[in-house]
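Right, one structure below, let's go through it.
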Number of protein chains: 2
Amino acid sequence: MSGNAQLAVALHGLTVLTYLGGRVSSSKIAKSINTNPVVVRRVFGKLAESGIVCSSTGKNGGFALAREAGEIRVSEVFKALETRTFTVHSNDRNQACMVSCGIKPALNGLFAEADQVLFQEFEKTSLADFATRVSKLADEEHRAVMTRD
Amino acid sequence: MSGNAQLAVALHGLTVLTYLGGRVSSSKIAKSINTNPVVVRRVFGKLAESGIVCSSTGKNGGFALAREAGEIRVSEVFKALETRTFTVHSNDRNQACMVSCGIKPALNGLFAEADQVLFQEFEKTSLADFATRVSKLADEEHRAVMTRD
DNA sequence: TTTTCTGTAACCAACGCAGTTACCGTTTCG
DNA sequence: CGAAACGGTAACTGCGTTGGTTACAGAAAA
């Protein structure tokens, strides 16, 4: 449990939605991830705010993809979670030092570009693409288990 | 103070080294960052292991760039710190669920590609480039302070 | 009206990280 | 030689983030 696993949880849950189709309850999603339903609801709450999924309360409620899986990009999910990838140290600046005065805007610029590049990378992959990869790798995983002595 | 600020601390300290030249003590670097010398030594210890800086103990000791600032890339610094950008959730898999079985290798692949892209982005900038940016931004910062009413 | 959902608050435990103190070994310099 | 000035490291603290959990209110379907 180091770092932020919310993107992993989100993609896991969304892949479940992609495969099952229609409404799926947080409890069902949680069983696949092996976690608590509230954890799923926390993450999927953000996804709902960003229009990636729809939620409905009440009996037979749950979450559903707001669009087709081919129309949802990993970059959207990434952005929805507002994962902080880099952090600028929050120490006060030493006014006697030139470096100390210019470092923060410089770091902010560098990190902003890096975030932009990450976003572009994630833009390449749709949820449908990712789900396909998951199933292929699940097959390989399964075969590996079968042939193990 | 959320996330990992070690990359920020490293780049800050390295920029100080670039400007001052020669050996600089952890105590002096720490004053620019406004932090404790041990924090600097922890980060610079990793940089020394990766051959980015040299350290020498004893009187008049300290840290110095191992190469010219133009020959050191931010990507090297990034790699030296082994900052974990993304995390795969560590929950056990639900063997009854196909998604649960294939998700981890799929996420590992996705995140590895993302890390690769980040590395390539950081490869574009040398320490000398970065230091130049810092000084320009320090000037602007200074001017902003001067004209403030 | 009962059941089954989400939404949310509240709390706990685990973890990572910055900060700090302290001490050892090493190197320079008087 | 001995004092002074370094880095390396261990140990401890405090704080913030996060995941897990329980509990409960409100909503919707049966």
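The structure displayed is predicted, hence computed values, not measured ones. Numbers restart at 1 for each chain; the letters A, B, ... are given by sequence-line order, proteins then strands.
- Counting non-hydrogen atoms under 4.0 angstrom, S27(A) reaches nothing in the nucleic acid.
- The A5(A) side chain lies nearest to dG19(D) when the options are dA27(D), dG19(D), dG7(D).
- For N91(A) and dA18(C), the shortest distance from a side-chain N or O to OP1 or OP2 is not below 4.0 Å.
- Phosphate proximity of dT27(C) to N60(B): absent, as no side-chain N or O sits under 4.0 Å from OP1 or OP2.
- In this structure, of dG19(D), dG26(D), dT22(D), it is dG26(D) that holds the atom nearest to the side chain of T57(A).
- Ion pairing of K124(B) with E121(B) is present here, as a side-chain N (NZ or NE/NH1/NH2) and a carboxylate O approach within less than 4.0 Å.
- Taken together through direct or relayed side-chain contacts under 4.5 Å among Ile, Leu, Val, Met, Phe, Trp and Tyr, V117(B) and L110(A) form parts of separate hydrophobic clusters.
- The pair R67(B)-E76(B) meets the salt-bridge criterion, since a charged nitrogen lies less than 4.0 angstrom from a carboxylate oxygen.
- Considering only side-chain N and O atoms, Q6(A) lies under 4.0 angstrom from the phosphate OP1 or OP2 of dG19(D).
- Across all strands shown, N34(A) has no heavy atoms under 4.0 Å from either base or sugar-phosphate atoms.
- Going from atom CG of N4(B) over to atom P of dT18(D) covers 13 Å, rounded to whole Å.
- One finds a side-chain N or O of N36(A) lying less than 4.0 angstrom from the OP1 or OP2 phosphate oxygen of dT21(D).
- Taking side-chain N and O atoms only, S55(A) has a distance below 4.0 Å to OP1 or OP2 of dG7(C).
- If you find the closest nucleotide of DNA chain D to F63(B) and to T35(A), the one lying nearer the 5' end belongs to F63(B).
- In this model, the phosphate group of dC6(D) is not approached by any side-chain N or O of S25(B) to a distance below 4.0 Å at OP1 or OP2.
- Among the heavy atoms of the strands, none lies under 4.0 Å from F44(B).
- Atom pair K46(A):NZ and dG19(D):C1' shows a separation of 12 Å (rounding to whole Å applied).
- Residue whose closest nucleotide on DNA chain D sits further toward the 5' end, between R41(B) and V38(A): R41(B).
- Here dA28(D) is the nucleotide among dA28(D), dG19(D), dA22(C) with the atom lying nearest to any side-chain atom of K59(A).
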Donor-acceptor contacts, no H, no angles, side chain residues 39-51 of chain A, under 3.5 Å, sequence neighbours left out:
unit_1: R41(A); atom_1: NE; unit_2: S26(A); atom_2: OG; d: 3.2
unit_1: K46(A); atom_1: NZ; unit_2: Q6(A); atom_2: OE1; d: 3.2
unit_1: S50(A); atom_1: OG; unit_2: K46(A); atom_2: O; d: 3.3

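- Counting only heavy atoms from C-beta on, R42(B) has its side chain closest to dG19(C) among dG19(C), dA5(D), dG7(C).
- You'll find the side chain of F119(A) reaches within 4.5 Å of the side chain of K79(A), heavy atoms only.
- The CZ-P distance, from R84(B) to dT18(D), rounds to 17 Å in whole Å.
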